[in-house]
Colleague: 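First the structure, which I've put down as structure tokens, then a few questions once you've had a look.
Heavy atoms only: backbone and side chains are in, while hydrogens, waters and symmetry mates are out.
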Amino acid sequence: MGKDFSDPEIQAMMEDEINNIVVISDEEGNESYFFEEMVIPVGNKNYAILSCIDNESCDCVDGECDEDSVVIARLEFDENGEPVYLDPTDKEFEEVKETYGKLFNEWDEN
């Protein structure tokens with residue numbers, strides 16, 4: 001028997017998933033779609049771990065995506081409170097990657 005999509009709890013979960021979709025445009029205006037997996041605080045800034053969900057605009061072959069389909073972005077907010085995803089510096093990238101690795105290892109141990 002399938003799920004009852006009219007159930008308010010199921011609808012709330014689906015809405016949360018949709019709210020985690022991020023659209024990023026490159027310099028040429030091409031859009032890529034990402035799912036915000038998590039936000040990691042490092043120092044006094046927040047960084048989003050974004051997984052590519054648009055196979056056409058990501059480096060995927062036959063449904064298999066390489067590690068470039070995951071993006072680390074510094075998360076800031078504009079004057080309207082809307083999230084803005086920015087490229088981290090090389091140093092920020094390495095710090096977030098290290099923090100994510102530690103978190104992943106802790107989760108794996110539990």
Side-chain angles (χ1 to χ4, degrees):
M1 182 177 235
K3 293 193 184 273
D4 178 8
F5 291 107
S6 65
D7 181 320
E9 189 173 314
I10 299 289
Q11 288 180 346
M13 287 176 19
M14 290 171 58
E15 188 172 312
D16 285 344
E17 293 292 318
I18 291 170
N19 289 336
N20 287 339
I21 303 298
V22 176
V23 180
I24 297 180
S25 299
D26 65 13
E27 301 83 28
E28 298 169 1
N30 300 315
E31 294 182 338
S32 295
Y33 297 87
F34 295 86
F35 180 77
E36 185 180 281
E37 296 285 341
M38 65 186 315
V39 175
I40 300 175
V42 177
N44 60 354
K45 296 180 182 176
N46 290 311
Y47 299 87
I49 306 298
L50 306 173
S51 297
C52 188
I53 57 174
D54 179 10
N55 289 347
E56 290 182 18
S57 62
C58 295
D59 297 327
C60 298
V61 177
D62 296 328
E64 295 294 321
C65 298
D66 64 16
E67 65 184 33
D68 290 337
S69 63
V70 175
V71 173
I72 295 174
R74 187 172 68 241
L75 180 58
E76 295 189 7
F77 296 89
D78 66 13
E79 61 276 354
N80 298 320
E82 295 294 319
V84 178
Y85 297 87
L86 303 169
D87 288 331
T89 65
D90 290 341
K91 182 180 177 188
E92 289 173 328
F93 178 84
E94 291 303 321
E95 290 172 345
V96 173
K97 193 167 118 178
E98 182 179 326
T99 301
Y100 178 76
K102 288 177 184 176
L103 287 172
F104 188 77
N105 288 336
E106 287 176 15
W107 293 327
D108 198 34
E109 291 174 3
N110 294 326

Colleague: About how many Å separate CD1 of I49 and CG of L75, when rounded to the nearest 0.5 Å?
Modeller: 11.0 Å

Colleague: Can you tell me how far the CG atom of L50 sits from the CD atom of E37, to the nearest 0.5 Å?
Modeller: 8.5 Å

Colleague: Quick one: pull up CD1 in I72 and NZ in K97 and give me the separation to the nearest 0.5 Å.
Modeller: 7.5 Å

Colleague: Please lay out, stage by stage, how F34 and I24 fare under the test side-chain contact (heavy atoms from CB on, under 4.5 Å).
Modeller: CA-CA 8 Å; F34 295 86; I24 297 180; 4.1 Å; yes

Colleague: Assess, by modelled atom type and distance only, whether the side chains of E95 and Y47 contain a donor and an acceptor separated by less than 3.5 Å.
Modeller: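 Absent: no donor and acceptor within the cut-off.
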
Colleague: Enter the distance from I53:CD1 to N20:CG here, rounded to the nearest 0.5 Å.
Modeller: 10.0 Å

Colleague: Would you indicate whether the side-chain heavy atoms of F35 and V22 approach each other to under 4.5 Å?
Modeller: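 Side chain of V22 against side chain of F35, heavy atoms only: no contact under 4.5 Å found.
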
Colleague: Using a cut-off of 6.0 Å, state whether more than 12 heavy atoms not belonging to D78 lie near its atom CG.
Modeller: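 Count over threshold, so yes.
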
Colleague: Please determine, by modelled atom types, if Y33 and E31 share a side-chain donor-acceptor pair under 3.5 angstrom.
Modeller: yes

Colleague: Determine yes or no for a side-chain-to-main-chain donor-acceptor pair under 3.5 angstrom, with D26 supplying the side chain and E28 the backbone.
Modeller: yes

Colleague: Do the side chain of N105 and the main chain of G101 share a donor and acceptor less than 3.5 angstrom apart?
Modeller: yes

Colleague: Rounded to the nearest 0.5 Å, what separation is found between the CG atom of N46 and the CE atom of M38?
Modeller: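 N46 CG to M38 CE: 11.5 Å, rounded to 0.5 Å.
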
Colleague: Please determine whether side-chain contact (heavy atoms from CB on, under 4.5 Å) holds for the pair V42 and K45, giving the CA-CA distance in whole Å, both sets of side-chain angles, and the decisive distance to 0.1 Å.
Modeller: CA-CA 6 Å; V42 177; K45 296 180 182 176; over 6 Å; no

Colleague: What distance separates D87 CG from F93 CZ, expressed to the nearest 0.5 Å?
Modeller: 10.5 Å

Colleague: Following the transitive rule for hydrophobic clusters with a side-chain heavy-atom cut-off under 4.5 Å over Ile, Leu, Val, Met, Phe, Trp and Tyr, establish whether V23 and V84 coincide in one cluster.
Modeller: no

Colleague: Could you report the tightest heavy-atom contact between A73 and P88, atom names first, then the distance?
Modeller: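 Nearest heavy atoms, A73 then P88: CA-CD, 4.3 Å.
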
Colleague: Please lay out, stage by stage, how E76 and Y85 fare under the test side-chain contact (heavy atoms from CB on, under 4.5 Å).
Modeller: CA-CA 7 Å; E76 295 189 7; Y85 297 87; over 6 Å; no

